[in-house]
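If you read the sequence from its start, that first residue is 1, and numbering goes on from there. Remember, it's a predicted structure, so these values are computed and weren't measured experimentally.
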Amino acid sequence: MKNVFKIFGLALLASTLIFTACKKDEEEETNTNNEQQQEQTTPSLRLVFDGTTTTTNFGYMKSIYLTKADTALFSTTAATSWEGSTITFPYFDVLLRYESGEQGGWSVRRVEYGNVASKFEALTNEYETATGNWWFFGLKDNGQGSSIGSLDPTNVVIDHFTLLCVMYDQYAYDIEDNENPDKKELDVYAQNIKYRQAQTK
């Protein structure tokens with residue numbers, strides 16, 4: 001069964017922004033720098049499943065965070081499009097955890113990938129929430145090549161994460177009762193993912 005996480009609430013660190021005046025003849029250079037900075041901070045997501053890039057055009061992307069004490073959870077859900085109950089595949093969902101302290105750091109709590117509508121629908125009905133038909137088994141090569149970058153606490157942006165994952169066929173395991181389901185590789189390349197705080201009741 002999928003992990004259930006409690007709702008967290010914590011204030012992130014704030015930083016002071018310092019603005020400096022520019023001379024009129026520096027405006028053109030400043031505008032160029034602003035354009036370059038905007039390009040560098042545009043969110044991007046690329047998935048490579050079983051050796052093939054699926055898409056880099058995600059019309060739907062939702063990223064939220066939940067925090068409590070020294071733990072923070074960062075969730076990103078994406079699809080080519082998602083209107084009402086109609087999802088255009090691929091579907092992708094990842095949950096990252098950051099824990100401060102000496103034994104803390106980043107960890108991967110969940111990765112799901114959906115690419116077959118009938119299997120996605122069966123599992124979604126089973127779990128009563130959107131559920132990919134491929135689930136996270138672990139990182140390839142003991143995590144070699146995978147990395148999670150730095151967090152900007154003011155804007156709540158993770159500058160990048162690269163996850164080289166081994167995924168297993170959750171549909172075969174859960175619906176077909178196959179105890180030895182197929183495994184395939186999913187490489188995740190994300191940059192400048194901005195998160196907003198989850199709404200709590």
Measure the OG-OH distance between Ser107 and Tyr98 for me, rounded to the nearest 0.5 Å. 11.0 Å
Measure from the side-chain N and O atoms of Thr154 to the backbone N and O of Asp152, and report whether any donor-acceptor pair falls under 3.5 Å. no
Which residue in the set Leu151, Ile193, Leu95 passes side chain to side chain contact (heavy atoms under 4.5 Å, CB included) when paired with Phe74? Leu151
Quick check, are the ring centers of Trp134 and Phe49 under 6.0 angstrom apart? yes
Tell me whether the rings of Tyr91 and Trp82 are parallel (<30°), tilted (30 to 60°) or perpendicular (>60°). perpendicular
In the structure I gave you, are the side-chain heavy atoms of Phe92 and Thr54 within less than 4.5 Å of one another anywhere? no
Do Tyr65 and Trp106 belong to the same hydrophobic cluster, where Ile, Leu, Val, Met, Phe, Trp and Tyr are linked whenever their side-chain heavy atoms lie under 4.5 Å apart, directly or via other members? yes
Looking only at heavy atoms, the pair that brings Asn115 and Tyr113 closest together is CB-CE2, 3.6 Å
Below 4.5 Å, heavy atoms only, C-beta onward: do Val48 and Leu186 meet side chain to side chain? no
Any pair counted as side-chain hydrogen bond (donor to acceptor under 3.5 Å, both in side chains), so long as it reaches residues 141-151, sequence neighbours left out: Ser147-His160, Ser150-Asp159
Does a donor on one side chain and an acceptor on the other come within less than 3.5 Å for Thr76 and Tyr195? yes
Rounded to the nearest 0.5 Å, the CE atom of Met61 sits from the OG atom of Ser44 at a distance of 8.0 Å
Quick one: does Leu139's side chain get under 4.5 Å of Cys165's, heavy atoms only? yes
Where at least one partner belongs to residues 176-185, residue pairs that pass side-chain hydrogen bond (donor to acceptor under 3.5 Å, both in side chains), sequence neighbours excluded: Lys140-Glu185
Where is the tightest heavy-atom contact between Tyr173 and Pro181, given as atom of each residue plus distance? CB-CG, 4.0 Å
Measure the shortest side-chain to side-chain distance between Val188 and Val94 over non-hydrogen atoms and say whether it is less than 4.5 angstrom. no
Given 3.5 Å as the limit, does a donor-acceptor pair link the side chain of Asn155 with the main chain of Lys194, or not? no
Indicate the ring-plane relationship of Phe137 and Tyr168, choosing parallel, tilted or perpendicular according to the 30° and 60° boundaries. perpendicular
Give me the atom names and distance for the closest heavy-atom approach of Leu45 to Ala190. CD1-CB, 4.0 Å
CE of Met167 to CG of Asn133: how many Å apart, nearest 0.5 Å? 9.0 Å
Report yes if some heavy atom in the side chain of Phe136 is under 4.5 Å from a heavy atom in the side chain of Glu112; otherwise report no. no
Taking it one step at a time, do Arg46 and Gln191 satisfy side-chain contact (heavy atoms from CB on, under 4.5 Å)? CA-CA 9 Å; Arg46 180 167 66 94; Gln191 289 186 319; over 6 Å; no
Where is the tightest heavy-atom contact between Ser75 and Asp93, given as atom of each residue plus distance? OG-OD1, 4.1 Å
Within the 4.5 Å heavy-atom criterion, are Leu123 and Gln170 side-chain neighbours or not? yes
Would you say CZ of Phe89 has more than 12 non-hydrogen atoms from neighbouring residues, nucleotides or ligands within 6.0 angstrom? yes
d(Thr71 OG1, Glu99 CD) to nearest 0.5 Å is 4.0 Å
Flag the pair Ile148 / Leu96 as yes when at least one side-chain heavy-atom distance between them is below 4.5 Å, and no otherwise. yes
Distance-only side-chain donor-acceptor flag, Thr80 / Thr88, under 3.5 Å: no
Tightest non-hydrogen contact, residues Phe58 and Ala78, listed as CD2-CB, 3.7 Å
For Tyr127 and Thr131, work out which heavy atoms get closest and say how close. CB-OG1, 3.7 Å
Taken to the nearest 0.5 Å, the spacing of Thr56 OG1 from Tyr189 OH works out to 13.5 Å
Ile64 side, atom CD1; Thr77 side, atom OG1 - distance, nearest 0.5 Å: 7.0 Å
Check whether any side-chain heavy atom of Lys119 lies under 4.5 Å from a side-chain heavy atom of Asp169, and answer yes or no. yes
